[in-house]
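I have placed the structure first, in the form of structure tokens, so that the comments after it can refer back to it.
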There are 2 protein chains.
Amino acid sequence: MSNTARTIMLVDDHAVVREGYRAMLQKQPGLSVVAEASDGVEAYRLYKETGPDLVIMDLSMPGIGGIEAIRRLRQWDKRAKILVFTMHQNAAFAVQAIRAGASGYVTKTSPPETLVHAVMDALSGKIAISPDIDHELALSHLAGESAAADLLTAREFEVLRMLLAEKTTDEIAEALHLSPKTVANLHSLIKDKLGVGTDIELVRLALRQGILTQVDLGER
Amino acid sequence: MSNTARTIMLVDDHAVVREGYRAMLQKQPGLSVVAEASDGVEAYRLYKETGPDLVIMDLSMPGIGGIEAIRRLRQWDKRAKILVFTMHQNAAFAVQAIRAGASGYVTKTSPPETLVHAVMDALSGKIAISPDIDHELALSHLAGESAAADLLTAREFEVLRMLLAEKTTDEIAEALHLSPKTVANLHSLIKDKLGVGTDIELVRLALRQGILTQVDLGER
DNA sequence: CCACCGTCGTGAAATTTTCCCGGCAGCGGC
DNA sequence: GCCGCTGCCGGGAAAATTTCACGACGGTGG
């Protein structure tokens, strides 16, 4: 193993968090932060420029989100190592991140040692998942709550996304060139497949599963 | 003015963020971090113990949320200075925080200088609002979007909260000792008053206004 | 070829949403 | 007291919707 420092890039839209990373990683010998980005596109640019050994990335960011950023980085460099470090204690997000090519998923509530361990694991090629997410994953399995994306057909998922984003049944019908009646049928079928009774439950489920994110909704 | 260091307590459930605060504040002479808490009740306990000059507090925390924590701190010490530092770029939250007794509201996306300035302002008794929230406030005024809590009567608000939390109309009716018919009428009236057409829009509005928070929903 | 699945739509029944209504209680003004 | 106003509670009926059963069509795979 080389004894030069391993290089790290930080990606987080909150300056205070990046400061925190630095403070925590500085204590660790053999690590060196070589770049910082505050959003996905900047991360992409800086990765190509500096080619760090590891990227530590948040998920919730302006512009392209973290998941999409991971995907693009891995497309550019198939061997990029990306450790997700996020506030979302949510198994669905973790699954999405790993599928997109992340090497690990650690929540921000974890103690500093967990992050350091995960960094080491990721650098040595292991996949690191923080314990709370392991627990989450186990829970959602036990609850039999499969991912909505798997239960629904492509068409149904499309309608679901529009239901959550757009407004009325009629608007969706027009956008998708369907009869309003069909949209209503789909809407009903979706709720049935997902096992929810009301639209409100539907939104909550979508939030949990990361189909809808907070930024899509309220927070302008 | 005394030339002893001003004391600060940090409240945030993410260890990495607390590290970030420290790193940013350390560069500033005359400030000293004397306590750290990771949730509302711990903050309350430590405040009584250490009596800091200023509290820097996040809003989204496990257990009692930040707003409630502010309220309790101010109840214990009417002159407590509390600076909210949060990821929520949301005017409704800012209004709630200030009403609860906060001395300022700064978002985590702000550059470090903004935090430092806000700390100084808060220490000298001024109320500091970060520019993006000012802008948000102006926007929501222009949009004529008044707070839901002001538009609705107490009863209506009660039903709204239950609609967002509970399940069916019938369950709410029973919990509130009302006829299902009345709940349905209220439900309709609420949507009318709030100017939304569908339940999904209702949830989104509630999220924006901070009536519902993410922790109430999905993220278990 | 045939069975199966996803897609799209119709029709009709069941349910919900909406709108309009009246009664009742509290509250301030005259 | 009396009046007007507002909030609260529900009934009734029309309108819209959700739900369910059903059929058609194209693709896919055994």
Side-chain angles (χ1 to χ4, degrees), chain A residues 99 144-209 211-212 217, chain B residues 99 144-209 211-212 217:
Chain A
R99 282 204 191 136
E145 190 175 88
S146 333
D150 295 341
L151 278 167
L152 301 179
T153 65
R155 199 55 159 169
E156 286 158 357
F157 197 72
E158 179 88 6
V159 172
L160 172 58
R161 281 227 324 278
M162 303 209 55
L163 275 172
L164 296 170
E166 293 275 334
K167 300 182 141 194
T168 67
T169 299
D170 292 314
E171 284 172 2
I172 299 174
E174 192 180 359
L176 262 45
H177 303 290
L178 295 177
S179 138
K181 198 62 204 293
T182 301
V183 177
N185 278 337
L186 267 311
H187 186 175
S188 177
L189 186 60
I190 290 168
K191 288 201 289 186
D192 190 36
K193 280 196 177 180
L194 262 36
V196 299
T198 69
D199 281 347
I200 289 172
E201 279 183 278
L202 190 63
V203 178
R204 296 171 67 133
L205 187 82
L207 246 356
R208 259 208 312 280
Q209 304 240 345
I211 300 166
L212 242 194
L217 300 153
Chain B
R99 281 203 192 137
E145 189 175 89
S146 332
D150 295 341
L151 279 167
L152 302 179
T153 65
R155 199 54 160 170
E156 285 158 359
F157 197 72
E158 179 87 6
V159 172
L160 172 57
R161 279 227 324 278
M162 304 210 50
L163 275 172
L164 296 170
E166 293 276 332
K167 299 182 148 190
T168 67
T169 300
D170 291 312
E171 285 172 2
I172 299 175
E174 192 181 358
L176 263 44
H177 303 289
L178 295 176
S179 139
K181 193 61 203 291
T182 302
V183 177
N185 278 338
L186 265 312
H187 186 174
S188 177
L189 186 60
I190 289 167
K191 287 201 289 185
D192 190 36
K193 279 194 177 180
L194 262 36
V196 299
T198 69
D199 280 348
I200 289 173
E201 278 184 278
L202 190 62
V203 178
R204 296 171 67 132
L205 187 82
L207 247 355
R208 256 208 314 276
Q209 304 241 342
I211 300 167
L212 242 194
L217 304 152

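A note on names: the letters A, B, ... follow the listed sequences, proteins ahead of strands, and every chain is numbered from 1.
Regarding A:Ile172, its CD1 atom lies at a distance of 13 Å from the P atom of C:dC8, rounded to whole Å. Between the P atom of C:dC8 and the CD1 atom of A:Ile190 lies a distance of 12 Å, rounded to the nearest Å. Residue B:Glu158 contributes atom CD, which lies 13 Å from atom C1' of D:dC8 at whole-angstrom precision. Remark: P of D:dG7 and CZ of B:Phe157 are 16 Å apart, rounded to the nearest angstrom. Between B:His177 atom NE2 and D:dC9 atom P the separation is 12 Å, expressed in whole Å. Between B:Leu160 atom CG and D:dC8 atom C1' the separation is 17 Å, expressed in whole Å. Spacing between atom NZ of A:Lys193 and atom C1' of C:dG6 amounts to 8 Å, rounded to whole angstrom units.
Considering all non-hydrogen atoms of both residues, B:Arg155 and B:Leu176 come closest at NH2-O, 3.6 Å. The minimum heavy-atom distance linking B:Ser179 with B:Ala173 is given by the pair C-CB, 4.0 Å. The nearest pair of heavy atoms linking B:Ala165 to A:Arg204 is O-NH1, 3.4 Å. Pairing each heavy atom of A:Lys191 with each of A:Gly197, the nearest pair is NZ-O, 3.6 Å.
In this structure, the separation between CD1 on B:Ile190 and CG on B:Leu205 is 11.5 Å, given to the nearest 0.5 Å. In this structure, B:Leu202 CG and B:Leu164 CG are separated by 5.5 Å, a value rounded to the nearest 0.5 Å. B:Lys181 contributes atom NZ, which lies 12.0 Å from atom OG1 of B:Thr169 (distance to the nearest 0.5 angstrom).
For the OP1/OP2 pair of C:dG9 and a distance below 4.0 Å, the side-chain nitrogens and oxygens of A:Thr182 include at least one atom meeting the criterion.
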Return a single string for nucleotides 12-22 of chain C, one symbol per nucleotide in 5' to 3' order, where B is base contact, S is sugar-phosphate-only contact and - is none, cutoff 4.0 angstrom on heavy atoms.
B-----BB---
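Counting non-hydrogen atoms under 4.0 angstrom, B:Leu178 reaches the backbone sugars and phosphates but no base.
With a 4.5 Å cut-off on side-chain heavy atoms, A:Leu207 and B:Leu207 count as touching. Side-chain contact between A:Glu201 and A:Leu194 is absent, with no heavy atoms from C-beta onward closer than 4.5 Å.
The 12-atom threshold is not exceeded at CD of A:Glu174, counting heavy atoms of other residues, nucleotides or ligands nearer than 6.0 Å.
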Please list, for nucleotides 24-27 of chain D, all pairs of protein and nucleotide N/O atoms separated by less than 3.5 Å.
none

Can you check nucleotides 24-26 of chain C for protein contacts, nitrogen or oxygen pairs under 3.5 Å, and list what you find?
none

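Considering B:Asp192, B:Leu160, B:Leu163 in turn, B:Leu163 is the only one that fulfils the side chain to side chain contact (heavy atoms under 4.5 Å, CB included) rule with B:His187.
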